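This report refers to the structure that appears directly beneath it.
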Amino acid sequence: MKPAAENAPLKQLDDWDDFVATRYRQGKSEAEFRNYKAEANPTVTEFYRQNHAYQTFDFVQQKKAEYCSLNRGKKSIWEMAEYLNTLVDDSDPDTDLTQIEHLLQTAEAIRKDGHPRWFILTGFLHDLGKVLCLYGEPQWAVVGDTFPVVCAYSDQVVFPEFFSANPDSKIPAYQTEYGIYESGCGLHQVHLSFGHDEYIYQATRAYVPEEAQYMLRYHSFYAAHRHGAYRHLMNDRDARLFDWVRKFNAYDLYSKGRERPESQEILPYYEDLVSEFFPAKIDW
Ligand SMILES: [Fe+2]
Ligand SMILES: [Fe+2]
């Protein structure tokens, strides 16, 4: 493993989330969106360079084997949230939200719009997978726009030029339109670059409805849910459930500017909500 600084170009993990929120700022035109590179500071650009270069098929398989069997022990959702909250990086405690505050803020925005309880819960859970960073994973294996590996990279993924440094780009069989997949095979057959989406999906899938599973698993798959890329790999079920992924994304992106949530007041509501869906402890 390379030294930490080299693997951590972002000052804090949330710099990636902030970049995405800027990229999709409300009211932005398509032409303005295309200009995202101007808004990416050098650390974000370096982060994508690493992400695109290092997320190979081998790497994805290795990380799925390591984390998706959920053999790191049992913890409650709350213990995990508290653990995630220890991730402070260089954030400014006066202005930056804590990790739990971001989760609560997203969930509260969903609650205010009168959505069902499972949807609110999904807002509260969605970034818990970022604990991967605390397990020692580099930033490029935790956050970043996700994309399918082992088929042609779409130019709808940000910074597509960085894929040329990925060893998989040199394997012709991996670079056809379908790669190792079949037309309409369904996203459950497709390997996406590894990150916090996959981990939280795997940890919680047994307890939440299918719509929530999709929101969790694909919330960083911007090329697909924002730009309609990779439709040739999706089946009808994916296409239908991506409506929910899009619905969720608005809350993830745009709840940040709101006021700091009154955590103490709303906590009992969330304790109830979590215990409605989850047993005391689950496997992580
Ligand atoms: Fe996320
Ligand atoms: Fe988020």
Side-chain angles (χ1 to χ4, degrees), residues 10-26 44 47-48 51 55 63 67-68 77 80-81 83-85 87-89 91 95-113 115 118-135 137-147 157-158 187 192-205 208 211-226 242 244-261 263 270 284:
L10 303 173
K11 226 174 101 195
Q12 44 170 318
L13 205 57
D14 290 358
D15 288 354
W16 171 72
D17 304 79
D18 292 343
F19 168 68
V20 178
T22 310
R23 216 166 82 200
Y24 297 112
R25 204 171 47 234
Q26 278 159 315
V44 166
F47 162 78
Y48 278 108
N51 175 275
Q55 288 268 0
K63 289 298 151 187
Y67 292 114
C68 299
I77 294 290
M80 219 38 164
Y83 181 44
L84 181 65
N85 235 18
L87 184 75
V88 284
D89 310 294
S91 59
T95 54
D96 292 325
L97 295 179
T98 65
Q99 296 292 328
I100 291 184
E101 282 173 329
H102 169 61
L103 295 176
L104 287 173
Q105 202 171 45
T106 308
E108 281 291 279
I110 296 167
R111 174 151 80 130
K112 286 206 179 76
D113 283 352
H115 289 299
W118 62 261
F119 194 163
I120 303 167
L121 176 77
T122 306
F124 181 69
L125 300 173
H126 80 280
D127 276 342
L128 283 181
K130 289 181 179 173
V131 294
L132 286 167
C133 221
L134 296 166
Y135 296 165
E137 292 300 331
Q139 292 172 342
W140 56 264
V142 182
V143 293
D145 300 51
T146 55
F147 56 86
V157 182
V158 285
L187 289 179
L192 295 196
S193 52
F194 187 76
H196 70 288
D197 299 42
E198 181 68 16
Y199 185 47
I200 191 59
Y201 159 72
Q202 293 290 351
T204 60
R205 57 186 286 199
V208 298
E211 293 86 347
Q213 294 172 27
Y214 265 70
M215 292 169 173
L216 295 172
R217 194 176 202 182
Y218 301 114
H219 74 272
S220 304
F221 193 9
Y222 283 89
H225 69 66
R226 270 279 168 162
F242 260 59
W244 289 99
V245 180
R246 277 184 283 276
K247 223 171 265 185
F248 174 77
N249 184 238
Y251 295 103
D252 191 14
L253 287 180
Y254 307 127
S255 53
K256 260 205 168 174
R258 301 180 188 220
E259 277 166 26
R260 220 177 188 119
S263 302
Y270 286 93
W284 292 91

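These numbers come from a predicted model, not from an experiment. Counting starts at 1 for both ligands and their atoms, in listed order.
Looking only at N/O/S atoms, Asp252 comes nearest to the Fe ion (ligand 2) through OD1. Summary: NE2 is the N/O/S atom of His196 found nearest to the Fe ion (ligand 1). When distances from the Fe ion (ligand 2) to the N, O or S atoms of His126 are compared, NE2 comes out shortest. The atom of His102 nearest to the Fe ion (ligand 2) is NE2, with the search restricted to N, O or S atoms. Taking the N/O/S atoms of Asp127 in turn, the shortest distance to the Fe ion (ligand 1) belongs to OD1.
At distances below 3.5 Å, at least one donor-acceptor pair connects side-chain atoms of Gln213 with backbone N or O atoms of Arg205.
Side-chain contact between Phe47 and Asp15 is absent, with no heavy-atom pair separated by less than 4.5 Å.
The heavy-atom pair separating Ile110 from Gly123 by the smallest distance is CD1-CA, 3.8 Å. Considering all non-hydrogen atoms of both residues, Val143 and Lys130 come closest at CG1-CE, 3.8 Å.
Each of Thr146, Asp197, Asp252 was compared with Ser220 under the side-chain hydrogen bond (donor to acceptor under 3.5 Å, both in side chains) criterion, and only Asp197 meets it.
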